[in-house]
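In what follows, a single structure is set out as structure tokens and then discussed.
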Amino acid sequence: MKTIILFFSFLFSLNGFCQASLCRTSIWDKSEVFQKNEVNKYADYDFSVLWNTTENNAVYGIIGDNYQRMRIKFISIKRNQKNKNEYLVHGKSQVKSNTCDFTGTITILNIKELKKAKFGLDDEYKNAGIKSQGLLAASYKFIEDKKQKNTGEFQGKLETIFYVAKNNAVKYHDIESYRDGYFNNAFTGTWKSNNSVQEKICNWGDYRIPNINCDFDIGAGELSVSKKYLKNGWLDKPNEKWWK
């Protein structure tokens, strides 16, 4: 019995170590938001603007255990008129020199409001008339065109922070983008090949990569890839508009 207890204690401690080795696991600390799901309250708001605001050269992604660089671009995002919480997405992905088209959906599951408003450096936004700030959680599924080379399916979860302006417009939450480690639009999930059972970790986000090994991004104020991973596509410079 003592041996069994020690064995499970080891497993739990190992699990804790694995969890601790991941960085940027959430955009906001969960204690900062109310736990009530306000998704119905925001049913009439269009969130499509949030996922295409950031310049593509500041969207960073990885695929596979070696953290091969992946690029992703949303070409169009439209709200599904038959389901207000679903958004129809068309985009392109690129790994090394292989570029693929994909289509799919983002489905909003949860919206939690911030307990205490953030107004930026020196309270820059304090008198801007902001009505609310929130953390949006969604699921996504994007399927690459099977007629193309080396295609698969992206699937996972998304976190986005936003605010509602005084004119009731949804805005991308960059109020605290001046802070070290700021990131938004955190996509965490997997890519599964259409031609095999092969499945790979695949995460991307604005300005930083979420849910990543802590030894990958060693930058303070911005993304800085450690030497260990540089050879996996991080030294390559793509065309500015690689998706065209």
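All heavy atoms count here, side chains included; hydrogens, waters and symmetry mates do not.
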What verdict does the side chain to side chain donor-acceptor pair (under 3.5 Å) test give for S193 and N195, after you've listed the backbone C-alpha separation in whole Å, the side-chain angles of each residue and the deciding distance to 0.1 Å?
CA-CA 5 Å; S193 171; N195 299 319; 4.7 Å; no

Working for side-chain contact (heavy atoms from CB on, under 4.5 Å), residues V170 and L50
CA-CA 8 Å; V170 172; L50 299 178; 3.7 Å; yes

Could you walk me through whether T151 and N194 pass side chain to side chain donor-acceptor pair (under 3.5 Å), step by step?
CA-CA 6 Å; T151 61; N194 285 324; 2.9 Å; yes

Please test S177 against Y207 for side-chain contact (heavy atoms from CB on, under 4.5 Å), starting from the C-alpha separation and ending with a verdict.
CA-CA 9 Å; S177 59; Y207 303 104; 5.9 Å; no

Go through the steps for E113 and Y42 under the test side-chain contact (heavy atoms from CB on, under 4.5 Å), then give the verdict.
CA-CA 11 Å; E113 294 182 333; Y42 289 88; 2.6 Å; yes

Given side-chain contact (heavy atoms from CB on, under 4.5 Å), test F142 with S93 step by step and report yes or no.
CA-CA 10 Å; F142 307 140; S93 64; over 6 Å; no

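Through direct or relayed side-chain contacts under 4.5 Å between Ile, Leu, Val, Met, Phe, Trp and Tyr, I75 connects to W242, W243.
Here N80 pairs with E86 under the side chain to side chain donor-acceptor pair (under 3.5 Å) rule; sequence neighbours left out. By the salt bridge (Lys or Arg N to Asp or Glu O under 4.0 Å) test, R79 is found to be paired with no residue, residues two or more places apart in sequence or in another chain being considered. Residues forming a salt bridge (Lys or Arg N to Asp or Glu O under 4.0 Å) with K237 (at least two apart in sequence, or on another chain): none. With sequence neighbours excluded, the residues satisfying ring-ring contact (aromatic ring centres under 6.0 Å, His included) with F47 are F162. Partners of D180 under the salt bridge (Lys or Arg N to Asp or Glu O under 4.0 Å) rule, at least two apart in sequence or in another chain, do not exist in this structure. Scanning for side chain to side chain donor-acceptor pair (under 3.5 Å) contacts around K84 gives D44, with sequence neighbours left out. Remark: D29 engages S31 in a side chain to side chain donor-acceptor pair (under 3.5 Å) (not counting sequence neighbours). In terms of the salt bridge (Lys or Arg N to Asp or Glu O under 4.0 Å) criterion, K131 has no residue partners (sequence neighbours excluded).
For the residue pair D174 and Y182, no side-chain donor N or O sits within less than 3.5 Å of a side-chain acceptor on the partner.
G152 approaches E144 most closely through the heavy-atom pair N-OE1, 2.7 Å. When all heavy atoms of P210 and G205 are compared, the closest pair comes out as CD-N, 3.9 Å.
Side-chain atoms of F34 and K112, non-hydrogen and from C-beta on, never get closer than 4.5 Å to each other. Contact annotation: the side chain of V95 never approaches that of W191 to less than 4.5 Å [non-hydrogen atoms, C-beta and beyond]. Residues I62 and I201 are in side-chain contact: their nearest non-hydrogen atoms beyond the backbone lie under 4.5 Å apart. I27 has its side chain within reach of N184: a pair of non-hydrogen atoms, C-beta onward, lies under 4.5 Å apart. Using a 4.5 Å heavy-atom threshold, the side chains of W234 and L223 count as touching. N57 places a side-chain heavy atom less than 4.5 Å from the side chain of E55. Taking 4.5 Å as the limit, some side-chain heavy atom of H173 sits within range of a side-chain heavy atom of Q133. With a 4.5 Å cut-off on side-chain heavy atoms, C202 and M70 count as touching.
There is no path of hydrophobic side-chain contacts, each under 4.5 Å, that joins I143 to Y87. One hydrophobic cluster, built from ILVMFWY side chains closer than 4.5 Å, holds both V59 and F74. Linking Ile, Leu, Val, Met, Phe, Trp and Tyr residues whenever their side-chain heavy atoms come within less than 4.5 Å leaves I175 and V33 in two separate clusters. If you chain together hydrophobic residues whose side chains sit under 4.5 Å apart, I130 and I161 never meet in one group. If you chain together hydrophobic residues whose side chains sit under 4.5 Å apart, Y163 and L135 never meet in one group.
Taking a 6.0 Å sphere around NZ of K227, one finds it holds 12 or fewer heavy atoms contributed by other residues, nucleotides or ligands. Under a cut-off of 6.0 angstrom, the local environment of NZ in K115 is crowded, with over 12 non-hydrogen atoms contributed by other residues, nucleotides or ligands.
Once rounded to the nearest 0.5 Å, the distance linking OG1 of T160 with CZ of F187 reads 6.0 Å. To the nearest 0.5 Å, the span separating NE2 on H90 from CD1 on I77 amounts to 11.5 Å. For the atom pair W28 CH2 and S26 OG, the distance stands at 10.0 Å (nearest 0.5 Å). With rounding to the nearest 0.5 angstrom, the CG atom of N98 is 6.5 Å from the NZ atom of K149. Taken from CD in Q81 to CG in N83, the straight-line distance is 10.5 Å, to the nearest 0.5 Å. Atom CG in L88 sits 9.0 Å away from atom NZ in K78 (nearest 0.5 Å).
Pairs engaging residues 61-75 under the side-chain hydrogen bond (donor to acceptor under 3.5 Å, both in side chains) rule: Y67-N213 [sequence neighbours left out]. The side-chain hydrogen bond (donor to acceptor under 3.5 Å, both in side chains) analysis of residues 117-128, with sequence neighbours excluded, yields the pairs E32-K118.
Here the side chain of D206 pairs no donor or acceptor atom with the backbone of T54 at under 3.5 angstrom. In this structure, N203 contributes its side chain and G189 its backbone to a donor-acceptor pair below 3.5 Å. Distance alone, capped at 3.5 Å, is enough to place a donor-acceptor pair between the N56 side chain and the I72 backbone. The backbone N or O of V49 lies less than 3.5 Å from a partner atom in the side chain of T53, making a donor-acceptor pair.
Note: W204 and Y140 meet the aromatic proximity criterion, with ring centroids under 6.0 Å apart. Aromatic ring centroids of F183 and Y60 lie 6.0 Å or more apart.
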Please tabulate, one pair per line, all N/O donor-acceptor pairs under 3.5 Å involving side-chain atoms of residues 100-108, not counting sequence neighbours.
{"residue": "D101", "atom": "OD2", "partner": "Q148", "partner atom": "NE2", "Å": "2.7"}

